[in-house]
Each structure stands twice: as C-alpha cells, then as structure tokens.
Amino acid sequence: MRLAFPEQSPGPDREELARNPALNEVAVGALFGLLDEFLQRRAKHNGVAKIFDEYGSRRRQLGRSGGAATATTTPSPMAAATVPTAAVG
C-alpha cells in the first residue's frame with residue numbers, strides 16, 4: 001500500500017478500498033504492475049539470483065538504519081513502479 005499511496009501512511013485500509021472504487025483501482029494497478037515487473041525480471045538470465053541479491057542488500061540496508069527505511073535508502077526498481085494516480089480523486 002505504501003507504494004500505491006506514498007503520500008498516505010500507511011495507506012487506505014480494506015474497508016476504505018471497498019468503499020472507494022477509485023482507490024481500489026489504484027491499489028490493484030500497483031499490485032499487477034509490480035507482479036508484471038517481477039515476472040519480467042525473473043525471466044531474464046540469472047533473474048532469480050539477482051532478485052535475491054537485491055533483497056539481501058535491501059535487508060542489510062534496513063538493518064543498518066534500525067529497520068526503518070530512510071531518505072538515504074535507495075528503493076529497489078520494483079518499489080519505483082509507476083502507479084496510475086488519475087483514478088484517485
């Protein structure tokens with residue numbers, strides 16, 4: 001939810017998504033966008049190994065920052081997925 005709604009922390013809950021079709025559309029779009037990116041990256045040569053390496057690096061970065069993402073933490077390419085925001089309003 002943080003990726004789909006970066007301006008809200010922690011983002012809309014299930015009830016709010018059920019009441020607001022536009023928010024639900026953004027959340028679903030973000031989910032399928034990330035899934036599509038994951039599948040594309042996994043299909044490349046050594047894709048799974050690269051994904052695991054990135055995950056391990058990210059975990060180590062978060063461990064050094066006390067477990068919370070900081071402004072100096074570089075997000076993964078998957079975290080930077082484009083999310084349609086025109087439906088929010």
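Numbers here simply count residues along the sequence, with the first being 1. All values below were derived from every heavy atom in this structure, side-chain atoms included, with hydrogens, water molecules and symmetry-related copies excluded.
Heavy-atom minimum distance, V48 versus R42: CG2-CG, 3.5 Å. The nearest pair of heavy atoms linking R19 to P21 is O-CD, 3.4 Å. Closest heavy-atom contact between A4 and A27: CB-CA, 4.3 Å. In this structure, N24 and L17 approach most closely via the heavy-atom pair CB-O, 3.5 Å.
With rounding to the nearest 0.5 angstrom, the NZ atom of K44 is 12.5 Å from the CG atom of L39. From F5, atom CZ reaches atom CD of E16 across 8.0 Å, with rounding to the nearest 0.5 Å. Atom NZ of K50 is separated from atom NE2 of H45 by 7.0 Å, given to the nearest 0.5 angstrom.
The closest donor-acceptor contact from the side chain of N46 to the backbone of A49 lies at 3.5 Å or more, if one exists at all.
Using a 4.0 Å cut-off between a side-chain N of Lys or Arg and a carboxylate O of Asp or Glu, R41 and E54 qualify as a salt bridge.
When side chains are defined from C-beta on, M1 counts as touching P12, because their heavy atoms get closer than 4.5 Å. The closest side-chain heavy-atom distance from E37 to Q40 is not below 4.5 Å.
One hydrophobic cluster, built from ILVMFWY side chains closer than 4.5 Å, holds both L35 and V28.
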